There are 2 protein chains.
Amino acid sequence: MQEYDLKQEVTDKYSLRGRVFNKVREDILSGKYRENDELKEIAIGEELGVSRTPVREAFRQLELEGLIQIIPNKGAYVTGITMDDVKDIYMIRSKLEGLCAAWACEHITKEQLEEMEENIYLAKFHAERGHFEQMSELDSRFHEIMYEACHSKLLEHNLRDYHQYVMRVRKKTLSTVERSIACNAEHQGIYEAIRDKNAKLADELATLHVHKAYENMVKNGLREAYSNE
Amino acid sequence: MQEYDLKQEVTDKYSLRGRVFNKVREDILSGKYRENDELKEIAIGEELGVSRTPVREAFRQLELEGLIQIIPNKGAYVTGITMDDVKDIYMIRSKLEGLCAAWACEHITKEQLEEMEENIYLAKFHAERGHFEQMSELDSRFHEIMYEACHSKLLEHNLRDYHQYVMRVRKKTLSTVERSIACNAEHQGIYEAIRDKNAKLADELATLHVHKAYENMVKNGLREAYSNE
DNA sequence: CTTCGTATGATTGTATACAATTATACGATT
DNA sequence: AATCGTATAATTGTATACAATCATACGAAG
């Protein structure tokens, strides 16, 4: 009886399809491919040294993730995230992160709580020094812990999707020392609420946290953050 | 300049892949395939008269929708919806339907409001007479109007997914005259709030509506509703 | 000069062939 | 009799070939 890695989820690294999927997804999120760029099966295939078949399968998945749009018999095009989309995502996320925090109160493990504490402690160090790369990593990880702790595969999956979706935008939202410090303080509040099993408070704080992040982004100019320069 | 049908979204009916996708999805949701059933590419392909290629592509999409799990080099297995999943979905939906109703206040058109009104009027007729099939249809349509009216592609897509996901369960939740009438009354309340552009109230009522639906389902025995007899 | 239509090329859609992996059956060994 | 190993079958993973569709270019008609 073999146990299969649950983390594989969708995109096993070891199949060609999985490799293509991950690579293209990363290239879209990192901004290598821009809005409305046409992705050609042969070109991508040659670049990665595979045939069209795994590329096509990866494309179908990317379409469902909303990263590309496939027009039958025509081609695959990178779907841009509009400013309205970003706003929608943050509003949706704020609701769902609240739910997630509330559920985490019931299901979080001692280890996860400890990792949160460590995360916040370390983030304080980097926040004060303006180490934005590390802050972005730590912020992502903090939310990731919460997603795991809520103990709902569906909510976890949903939130992770949105989180990835606005990744490039999100990096910029932490790009001031003030916001980094405030953000970490908000994490601290959420952490304490979860630790104390105060679901209502955790919900409120997590909801507010995402709202704040959005407001900050708007203040700093969503337009610049959004466009790829 | 050709205009492409936005409703196509992902699953155009006219490609083999789209047909396979829709068929298998429907068969899973309708209960033809049960939890942990193994779906074989060749078998599905022969059943629909297509080769393995479009079947494989459809499978990759179904995996991302969470309806099947693909284990590399092994097979595709139907992932069941557990009772916990159903609860999660209702809780998530309750939050998102609230958001949806609130947003609909800003964006709903006169035509959509009129269709809602008609929907409620007609539903009153069928509710009192215990026409559960029609009620189910009307209920789905009511929510569908709201999804369209919220004017957010992302939220609309998200809600529609979950709605589909619990379809078989949902049908049973309307299977009493009392619940049908109560449900329609709740729709009426949501409709009026949206009509009066009272976003806060619309949010609350829609949130409550989904909660009520869930509670009713639990009361009527989620276990029987969930299992395929 | 513009416009329409056809021809050509490029790209996607599908089917099939082959390779790699996994499951099963059966027999040999202990 | 139980267990291990090998051979065989079944199934998925990938590559390639062919068909269908779409885009482009170019020339003829007005």
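All of these numbers come straight from a predicted model, not from anything done at the bench. Here is how names work: the chains are called A, B, and so on, in the same order as the sequence lines, proteins then strands, and each is numbered from 1.
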Does the side chain of B:Arg60 get closer than 4.0 angstrom to OP1 or OP2 of D:dG13 through an N or O atom? yes
Does D:dA15 have its OP1 or OP2 closer than 4.0 Å to a side-chain nitrogen or oxygen of A:Ser51? yes
Rounded to whole Å, please give me the gap between [atom1] in [X] and [atom2] in [N].
X       : N      : atom1 : atom2 : result
A:Glu57 : D:dG13 : CD    : P     : 7 Å
A:Glu46 : D:dT16 : CD    : C1'   : 14 Å
B:Arg19 : C:dT14 : CZ    : C1'   : 12 Å
A:Leu48 : D:dA15 : CG    : P     : 11 Å
B:Leu16 : D:dA20 : CG    : P     : 12 Å

If we check side chain to side chain donor-acceptor pair (under 3.5 Å) with B:His143, which of these qualifies: B:His163, B:Glu148, B:Glu97? B:Glu97
Nearest to side-chain heavy atoms of B:Arg52, which nucleotide of D:dC18, C:dT16, C:dA15: C:dT16
Measuring from the side chain of B:Arg56 (C-beta onward, heavy atoms only), which nucleotide among D:dA15, D:dT12, C:dG13 has the closest atom? D:dT12
Can you list the steps and then say if A:Glu115 with A:Arg141 is a side chain to side chain contact (heavy atoms under 4.5 Å, CB included)? CA-CA 10 Å; A:Glu115 197 188 338; A:Arg141 184 58 199 153; 2.7 Å; yes
Protein-nucleic acid N or O pairs under 3.5 Å, nucleotides 5-11 of chain C:
none

So does A:Arg179 pair up with A:Asp139, basic N to acidic O under 4.0 Å? no
Quick check on B:Glu118: does its CD atom have over 12 non-hydrogen neighbours (other residues, nucleotides or ligands) under 6.0 Å away? no
Tell me, do A:Tyr191 and A:Leu113 make a side-chain contact under 4.5 Å, heavy atoms counted? yes
Could B:Arg93 and B:Tyr90 be counted as a cation-pi pair, given that NZ or CZ must be under 6.0 Å from the ring centre and within 45° of the axis? yes
